[in-house]
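Structure record follows, encoded as structure tokens.
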Amino acid sequence: LDDYKQYIAERVRAAAPEWIPATVLLRELRALGYPGGVSILKDHLAALKPVATPEPLIRFETEPGRQMQADFATIRRGKDRLAVFIATLGWSRATFVEFVTDERMETLLGCHERAFYFFGGVPREVLYDNMRTVVTERDRYGPGLHRYNRTFLDFAHHHGFMPRLCQPYRPRTKGKDERFIRYLRA
């Protein structure tokens, strides 16, 4: 492969930021007379592939009374299903946990009321992921303008908090809750 490393490096550099599969490069190298196999080529390409730098973690802190993060997590599936409702205050990280057998609307509302009682008040906003009982359609009315479940929205207005949605598939935006879920499953 040594005779072809310069060619490979130039092709990878020219294609950046796209990545050329080893099978494509193997065809090109064979046309140039390369007698080797794909495994050694893949190993060499792995060394050339740029290492993705992780997104910097920016801690999001809130003042007291501003935010609560809420979520359900499945503990056990099947006939005797077990789930857990977790609510974590953003500033103090105080956490309320309640084990439940379903994630229906009545259960969600009851868990919220017991969490508010436990915390001694209602935060200004509560952060959720894509719970069907909370949001029926993301971005329905434009970016960041969601269609919330009517029953849940009435409940939120009655208690005086604003429901907010975190970014989908980004557990870091609700990290305080997600971390506690990992702790419970351990």
Side-chain angles (χ1 to χ4, degrees), residues 1-62 67 69-88 90 93 95 102-104 108 125-149 152 163-186:
L1 188 65
D2 288 339
D3 296 339
Y4 303 93
K5 285 184 177 178
Q6 180 67 32
Y7 174 81
I8 295 168
E10 288 172 8
R11 283 289 286 128
V12 168
R13 206 174 9 256
E18 300 300 319
W19 188 250
I20 305 172
T23 53
V24 172
L25 280 173
L26 181 62
R27 262 186 276 141
E28 294 176 13
L29 292 175
R30 290 252 164 90
L32 296 173
Y34 172 65
V38 73
S39 296
I40 193 169
L41 178 59
K42 284 183 179 180
D43 291 343
H44 179 67
L45 284 173
L48 295 178
K49 196 166 196 171
V51 178
T53 56
E55 226 179 277
L57 182 62
I58 300 168
R59 292 183 63 100
F60 179 73
E61 299 298 339
T62 59
Q67 188 184 82
Q69 298 177 8
D71 201 0
F72 279 114
T74 302
I75 302 297
R76 185 177 58 226
R77 298 183 189 280
K79 193 171 78 173
D80 56 344
R81 184 178 188 283
L82 183 63
V84 63
F85 172 81
I86 299 171
T88 305
R93 289 168 177 70
T95 303
D102 63 69
E103 297 176 20
R104 294 182 321 212
L108 177 68
E125 63 185 39
V126 181
L127 188 60
Y128 302 93
D129 52 16
N130 284 321
M131 277 191 217
R132 286 176 301 198
T133 46
V134 173
V135 64
T136 56
E137 195 173 354
R138 285 188 76 92
D139 301 322
R140 170 68 171 104
Y141 307 108
L145 302 171
H146 315 294
R147 176 187 281 175
Y148 289 96
N149 180 303
F152 184 78
R164 292 186 40 140
L165 299 182
C166 66
Q167 295 178 25
Y169 310 108
R170 283 199 42 131
R172 284 193 282 180
T173 54
K174 234 168 49 31
K176 295 169 181 92
D177 244 14
E178 298 296 332
R179 201 167 15 263
F180 201 84
I181 290 170
R182 270 197 323 239
Y183 170 75
L184 278 176
R185 287 183 173 153

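The figures that follow rest on heavy atoms only: side chains count, while hydrogens, waters and symmetry mates do not.
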Any side-chain heavy-atom pair of L108 and F72 under 4.5 Å: yes
Measure the spacing between CZ of R164 and NE2 of H146 and express it to the nearest 0.5 Å. 9.0 Å
On a heavy-atom basis, which atom in D129 and which in V135 lie closest, and how many Å separate them? O-CG1, 4.5 Å
d(Q69 CD, E125 CD) to nearest 0.5 Å is 10.0 Å
State the CD1-CG distance between I20 and L26, to the nearest 0.5 angstrom. 13.0 Å
Output all residues satisfying side chain to side chain contact (heavy atoms under 4.5 Å, CB included) with D3, sequence neighbours left out; order by chain, then residue number. none
Output the distance between atom CG (N130) and atom CG (D71), rounded to the nearest 0.5 Å. 10.0 Å
Considering residues at least two apart in sequence or located in another chain, which fulfil the salt bridge (charged side-chain N to carboxylate O under 4.0 Å, His left out) criterion with E137? R140, R147
Once you round to the nearest 0.5 Å, how far does CH2 of W19 lie from CG of L25? 8.0 Å
For D43, which residues count as a side-chain hydrogen bond (donor to acceptor under 3.5 Å, both in side chains) partner, sequence neighbours excluded? none
List the atom pairs, donor and acceptor, that lie under 3.5 Å between side-chain atoms in residues 5-12 and the rest of the protein, sequence neighbours left out.
residue, atom, partner, partner atom, Å
K5, NZ, D2, OD1, 3.1
Q6, NE2, E10, OE2, 2.9
Y7, OH, E28, OE1, 2.7
R11, NE, E28, OE1, 2.8
R11, NH2, E28, OE2, 2.9

Hey, is the main chain of Y34 close enough, under 3.5 Å, to the side chain of Y4 for a donor-acceptor pair? yes
Taking every heavy atom of R132 against every heavy atom of N149, the minimum-distance pair comes out as O-ND2, 4.2 Å
Looking at CG of L127 and CG of L165, how far apart are the two atoms once the value is rounded to the nearest 0.5 Å? 8.0 Å
Tabulate below the donor-acceptor pairs under 3.5 Å that side-chain atoms of residues 78-87 make, not counting sequence neighbours, or state none.
residue, atom, partner, partner atom, Å
R81, NH2, T74, OG1, 3.3
R81, NH2, E103, OE2, 2.9

So V126 and P163, do their side chains get closer than 4.5 Å, heavy atoms only? no
What heavy-atom pair brings A22 and L41 nearest, and what distance separates the two atoms? O-CD2, 3.4 Å
Can you find a pair of side-chain heavy atoms, one from Y128 and one from Y148, that are under 4.5 Å apart? no
Could you tell me which residues satisfy salt bridge (charged side-chain N to carboxylate O under 4.0 Å, His left out) with R30, sequence neighbours excluded, listed by chain and number? none
